[in-house]
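Letters A, B, ... mirror the listed sequences (proteins, then strands); counts begin at 1.
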Amino acid sequence: QKEVEQNSGPLSVPEGAIASLNCTYSDRGSQSFFWYRQYSGKSPELIMFIYSNGDKEDGRFTAQLNKASQYVSLLIRDSQPSDSATYLCAVTGDYKLSFGAGTTVTVRA
Amino acid sequence: DVKVTQSSRYLVKRTGEKVFLECVQDMDHENMFWYRQDPGLGLRLIYFSYDVKMKEKGDIPEGYSVSREKKERFSLILESASTNQTSMYLCASSHPTRPPIQETQYFGPGTRLLVL
């Protein structure tokens with residue numbers, strides 16, 4: 001079973017700041033990495049995926065992957081109150097996803 | 001847009017009842033998944049299916065079974081509901097052969113099940 005660990009929350013950041021979310025995984029053979037956002041009472045929605053080492057940017061979101069260190073992170077720049085949610089890291093290698101427990105982010109206005 | 005629907009948003013059942021949770025996707029996805037989500041435990045995979053009539057156990061299959069008679073529909077069955085199966089149940093689907101977003105899973109709205 002793949003293990004996926006996320007930094008414990010909750011994480012509280014002021015509006016406009018950078019929120020940094022971290023995730024480590026145990027299976028060195030993992031190929032694909034995903035970040036999902038889940039608002040309270042809603043289902044997860046995909047916000048980023050990354051396959052290659054390095055950074056991938058999409059708007060205010062940047063995913064960073066380091067396969068040698070088995071580490072993936074998500075940065076949220078210029079955090080907005082609408083970013084307040086739980087962020088789930090997911091890792092796959094054989095069509096199944098293993099999820100971390102999630103990090104809850106609260107953006108203070 | 002991918003659409004994954006689940007038969008109920010909220011469900012209340014009694015201990016010992018047989019419970020059916022239905023999931024339908026409209027994007028011709030081969031892969032379908034059932035998860036449960038509990039506070040502090042994240043999403044845990046119950047069962048998944050790569051094709052019609054095919055099923056594979058996930059991490060926590062005990063007390064559950066599944067059925068996939070048609071490609072678009074994946075059912076989760078609680079043979080005899082127990083209080084420890086009170087949870088949020090999430091269905092997801094994915095298409096494994098459409099790069100570059102292969103393996104991306106799309107989730108339904110979830111069914112919140114309460115077993116009394």
What do you reckon, are the aromatic ring centroids of B:Phe107 and B:Tyr35 less than 6.0 Å apart?
yes

According to salt bridge (charged side-chain N to carboxylate O under 4.0 Å, His left out), who are the partners of B:Arg112, at least two apart in sequence or on a separate chain?
none

Hey, are A:Asn22 and A:Ser73 close enough side-chain-wise for a donor-acceptor pair under 3.5 Å?
no

Part of B:Glu56 within contact of chain A (heavy atom distance under 4.5 Å)
neither

Regarding B:Ser94 and B:Asn31, do their side chains bring together a donor and an acceptor under 3.5 Å, going by distance alone?
yes

By a 4.5 Å heavy-atom criterion (distance strictly below it), what part of A:Glu45 contacts chain B: side chain, backbone, both, or neither?
neither

May I ask you to name which of A:Ala101, A:Pro44, A:Gly41 has the most heavy-atom pairs under 4.5 Å with chain B?
A:Pro44

Measure B:Leu45 against the heavy atoms of chain A and call it side chain, backbone, both or neither at under 4.5 Å.
side chain

